[in-house]
Amino acid sequence: MTETIAATAPTTTHHRICPLCEACCGLEIKVQDRKVISIRGHDADVFSAGYICPKGVALKDLHEDPDRLRTPLIKRNGVHVPATWEEAFAEIERRLPPILAAHGRNAAGIVVGNPSAHKIGLLTYFGKLARALGTKNVFSASTLDQMPKQLSSGLMFGHWLSVALPDITRTDYLLVLGANPLVSNGSMWTVPDFKGKARALQARGGKLVVVDPRRTETAAVADTHHFIRPNADVFLLAAMVHTLFAEGLVSLGNVAEWVNGVKDVQKAVAPFTPDAVAARCGMAADTIRALTRELAAAPRAAVYARIGTCTQEYGTLASWLVDVLNTLTGNLDKEGGVLFAKSAAFASNTAGKSGIGKGVSTGRHHARVSGAPEVYGELPMTCMAEEIETPGEGQIRALFTVATNPVLSSPNGPRLAKALDTLDFMVSMDIYLNETTRHADVILPGVSPLEDFHYDVAFPQLSWRNHARYSPPVMQPTPGQPEEWQTLLKLAAIARGLGADADANALDDTQFAEDATRLFGEHADAVIDATKGFKGPQRTLEVALRSGPYGDQFGRKPDGLTLSKVMASNSTGGIDLGALQPRIPEMLRTPTGKVELAPPSMLADLARPTADLQRPVPDLVIIGRRDVRTNNSWMHNLPILAKGPFRCTALVHPQDAQRLGLQDGAMADIRSAGGQVRAQVHITADMMPGVVSLPHGWGHDAKGAQLRVAAERPGANLNALLDDQRRDPMSGNAVLGGVVITMQAAVA
Ligand SMILES: Nc1nc2c(c(=O)[nH]1)N[C@H]1C(S)=C(S)[C@@H](COP(=O)(O)OP(=O)(O)OC[C@H]3O[C@@H](n4cnc5c(=O)[nH]c(N)nc54)[C@H](O)[C@@H]3O)O[C@H]1N2
Ligand SMILES: Nc1nc2c(c(=O)[nH]1)N[C@H]1C(S)=C(S)[C@@H](COP(=O)(O)OP(=O)(O)OC[C@H]3O[C@@H](n4cnc5c(=O)[nH]c(N)nc54)[C@H](O)[C@@H]3O)O[C@H]1N2
Ligand code: SF4
Ligand SMILES: [Mo]
């Protein structure tokens, strides 16, 4: 009987932005009787034009994964058992408030992870829980990732998300350092189909150059690839800046009158001659000079750098020098150079007074144990374990984890796993019982991405082209399951002492009214009235769109955007808002109203690499890697991605394999000062000699986790080798690469 209904049920077609990586591809999803029939790229999408990667197709497996949690779990006698939402909230109300009452607000910690960047409900409502907890112990995956780029952009241009983006469709020359967009599909740069765009660049006579310790998939399609020693980008980039000055190649172009500090930069890079840095970089001085000349000679050029340059001891300096190069070659804010997006909603660089602002600052408070400064409201993720372990006032005793798996994703995960077991109470908002959430007392699942509406809050601020796209839910959520913003509000209510019975919708209305009064003053009532049709993050979005740079300004510009208009464009692929345009000085939010080319904190931090110029290059170091069919630590449970050749292999150069006695396909033990893992060796000349590459996010052999597919081939945890005490001091970002290791053949 059921089968007959299924066979005759109509097939419906839906359009949904993929929430799995920063490329934000528009997908076309066909559904019959709540079953996904097919997923493909949406050809009419104004932004991604039909592009899709294998992970997008895997949304079906994610939706159907029997291990994906559908109900809350409560740990009873050491075992996670299913519970109702009422029971789960009641348990939290029973256990959290006494901890806060006895030990103060900083006894709570909260940590948010990567998928929250792809969830409007989590991104816009996470702060409400953090504020309700009232703790300084706030952490996120940003300090395992892009904080250096956010800090350098903030110091130079005045806001944390004012990131200069390569204008790839008009440039003549693209220099990529420490990024592999062919695999990662781009990061801090939303650029679906990077490969197609790179090919088009080459077809019109342009050049793609890659600098990476591995000949990556991106390097393979590039015109030139240069190996570089891990952690050496600061030296290479400073030497390139040095060369621009030494050879009279500096030209500021259109932004000349808006740039402060050129002379200070010239002075600061004086020690970094190509000859002085060559050994440190593993590059010839002549190559560095030639690379600089080539960049300076290109009519329109862009330098782009990502995770390989951020997750190192000089991450902020390297990120800064990238934009110093862009500026000094006249490519900042130029078509075909690097430009700033103008996002339809949520962008601070379109809000408030134009061309001037407060800028960014750090260190409003400090981590209790390490003394690391607060950056963008948070403390370094790598401080979390010691903040849980170390007794005293402010010790974390109750932890909330939201969409994060730091036991695998953060350096020295094994230490963190032990620390989590000492907490008085832990709550995880997550969709799996995994390496991290197995430590939680209560797990609260989010809905499947196919049961959730979507609008990207952050990525339009980082996009290769301006656009506004909204996705309605593909299917309705199971009745009774709250959306994640509602769960966050409920937790906030408990943290504020309002109790588990508090009505999340009523709380939302009250907070919205308060926010509207703060933002719109005397017009608040009109705004509340105009947005009556929406609630939760949709209402936040409606306000952001209507008051944004393309908005209808609540009726004053009738042709402008509203959420309803963006919603209506879903099936036709969203609204295209055009190519990026020059925006300096209007987008600047620095206190001087200028581009700060030489922030004092940056110049001061240059003392570290200056002192480090002569440091000998270690024999063997390890770096990370990504694969098209993985996503950090959490998609190894999806059959369509998990099948095929095993991906958690250690890539070793033939010379290293020979001197270390390693065989292709055999297992080897990798040791660092802090840990040891065993991984399968793959010998390849694609590695720079002296550098080994192992992907992160593996190690799915934890007892008590429920990841049945992933556990079949658990892989090695790279982060068990890394040191949680190594950070870039400016941004607090973890050092994830260039870690010294030894390697030897495994004896069974
Ligand atoms: N050595 C090394 N380590 C690295 C990196 C590296 O290059 N090398 N990369 C770093 C980077 S860039 C990042 S961003 C971090 C990422 O580290 P994390 O932020 O910890 O992210 P993931 O490992 O992707 O884990 C995501 C978690 O979110 C859960 N989840 C997935 N979807 C949802 C949802 O819709 N709702 C909820 N509530 N939960 C969900 C998953 O089950 C999983 O537990 O890893 C970092 N770690
Ligand atoms: N398929 C897939 N896509 C993803 C993810 C994933 O896990 N899988 N993760 C997503 C996330 S959270 C992020 S942040 C982005 C990251 O996006 P990308 O930054 O493009 O990430 P990776 O592919 O790790 O590329 C980093 C490159 O840096 C190189 N590298 C390592 N150390 C150094 C160094 O010291 N100097 C230089 N110059 N290069 C170095 C590595 O060899 C590697 O090729 O990818 C996102 N997209
Ligand atoms: S590149 Fe793949 S994972 Fe990323 S948004 Fe597009 S389809 Fe999704
Ligand atoms: Mo990331």
Side-chain angles (χ1 to χ4, degrees), residues 19-23 53-55 62 68-69 111-119 121-122 140-142 144-146 176-189 194 210-219 226-233 236 305-312 314 318 381 401-411 413 428-437 444-449 452 484 487 621-635 637 641 687-688 691 693-697 707 717-719 721-722 734 736-739:
L20 298 177
C21 93
E22 295 178 45
C53 87
K55 287 197 299 300
L62 175 60
R68 186 171 62 78
L69 303 178
V111 50
V112 62
N114 172 277
S116 70
H118 302 270
K119 300 256 154 172
L122 288 178
S140 91
S142 292
L144 304 176
D145 185 348
Q146 83 288 353
V176 173
L177 302 100
N180 188 12
L182 234 80
V183 163
S184 69
N185 284 294
S187 181
M188 295 304 272
W189 183 23
F194 173 85
V210 171
V211 175
D212 198 298
R214 178 167 79 91
R215 195 181 340 270
T216 59
E217 295 76 356
T218 307
H226 301 284
F227 282 129
I228 185 168
R229 296 290 307 171
N231 281 339
D233 302 80
L236 167 66
R306 230 352 234 125
I307 201 114
T309 61
C310 281
T311 54
Q312 51 171 271
Y314 306 114
M381 184 82 130
T401 75
V402 181
T404 185
N405 189 11
V407 167
L408 291 193
S409 58
S410 197
S428 290
M429 287 179 64
D430 207 286
I431 56 171
Y432 284 109
L433 174 53
N434 64 15
E435 298 76 15
T436 296
T437 62
L444 304 170
V447 297
S448 154
D452 212 356
E484 290 195 287
T487 302
V621 297
I622 196 158
I623 59 170
R625 182 168 91 243
R626 286 174 160 77
D627 183 280
V628 173
R629 290 172 178 273
T630 68
N631 196 17
N632 297 320
S633 73
W634 69 279
M635 290 179 67
N637 208 52
L641 298 179
M687 289 311 299
M688 186 178 200
V691 186
S693 156
L694 184 71
H696 77 284
L707 296 165
N717 179 7
L718 168 63
N719 280 314
L721 295 171
L722 306 191
L736 302 176
V739 174

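Start at 1 and go down the list; that is how both ligands and their atoms are numbered.
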- [ ] Can you see which heavy atom on C310 is nearest to which on Q146, and at what distance?
- [x] SG-CA, 4.4 Å
TODO: Examine the proximity of ligand 2 to T218 and report which part, side chain or backbone, both or neither, has a heavy atom under 4.0 Å away.
DONE: neither
TODO: Please check if the side chain of S410 supplies one atom and the backbone of V407 the other of a donor-acceptor pair under 3.5 Å.
DONE: no
Open item on the list: If we check side-chain contact (heavy atoms from CB on, under 4.5 Å) with P230, which of these qualifies: V691, T311, L736?
Closed with: V691
Open item on the list: Any heavy atom of P213 closer to ligand 2 than 4.0 angstrom?
Closed with: yes
TODO: May I ask you to check whether D233 and Q312 show a side-chain donor-acceptor distance below 3.5 Å?
DONE: yes
- [ ] List, ordered by chain and residue number, the protein residues whose closest non-hydrogen atom lies under 4.0 Å from any atom of ligand 1.
- [x] G113, N114, P115, K119, A141, L144, D145, I307, A403, T404, N405, P406, S409, M429, D430, I431, Y432, N434, E484, R626, N632, S633, W634, H696, L718, N719, L722, L736
Task: Atoms in ligand 2 with a heavy atom of N231 nearer than 4.0 Å - done: 34 (C), 35 (O)
TODO: Measure the distances from the heavy atoms of I228 to every atom of ligand 2 and state whether one is below 4.0 angstrom.
DONE: yes
- [ ] Go through the steps for T436 and N405 under the test side-chain hydrogen bond (donor to acceptor under 3.5 Å, both in side chains), then give the verdict.
- [x] CA-CA 5 Å; T436 296; N405 189 11; 2.5 Å; yes
Open item on the list: Within ligand 2, which atoms have a heavy atom of D233 less than 4.0 Å away?
Closed with: 34 (C), 35 (O), 36 (N), 37 (C), 38 (N)
Open item on the list: Could you tell me, atom by atom, which parts of ligand 2 come under 4.0 Å of a heavy atom of T216?
Closed with: 44 (O)
TODO: Return yes when M188 approaches ligand 2 closer than 4.0 angstrom through a heavy atom, no otherwise.
DONE: no
Task: Under 4.0 Å to a heavy atom of V211 - the qualifying atoms of ligand 2, by number - done: 38 (N)
TODO: Using modelled atom types only, decide if a donor and an acceptor are shared between the side chain of K55 and the backbone of V628 within a distance under 3.5 Å.
DONE: yes
TODO: Check for a donor-acceptor pair, side chain of T218 on one end and backbone N or O of L182 on the other, with a separation under 3.5 Å.
DONE: yes
Open item on the list: Are the side chains of R214 and E217 in contact, using a 4.5 Å heavy-atom criterion?
Closed with: yes
Open item on the list: Taking 4.0 angstrom as the limit and counting only heavy atoms of P230, give me the atoms of ligand 2 inside it, by number and element.
Closed with: 34 (C), 35 (O)
TODO: Give a yes or no on whether a salt bridge exists between R68 and D430, defined as a side-chain N under 4.0 angstrom from a carboxylate O.
DONE: no
Task: Enumerated ligand 2 atoms positioned under 4.0 Å from heavy atoms of D627 - done: 1 (N), 2 (C), 8 (N)
TODO: Output all residues satisfying ring pair (Phe, Tyr, Trp, His ring centres under 6.0 Å) with Y432, sequence neighbours left out; order by chain, then residue number.
DONE: none
Open item on the list: Is it the case that the side chain of T437 and the backbone of N434 share a donor-acceptor pair, with hydrogens and angles ignored and the cut-off at 3.5 Å?
Closed with: yes
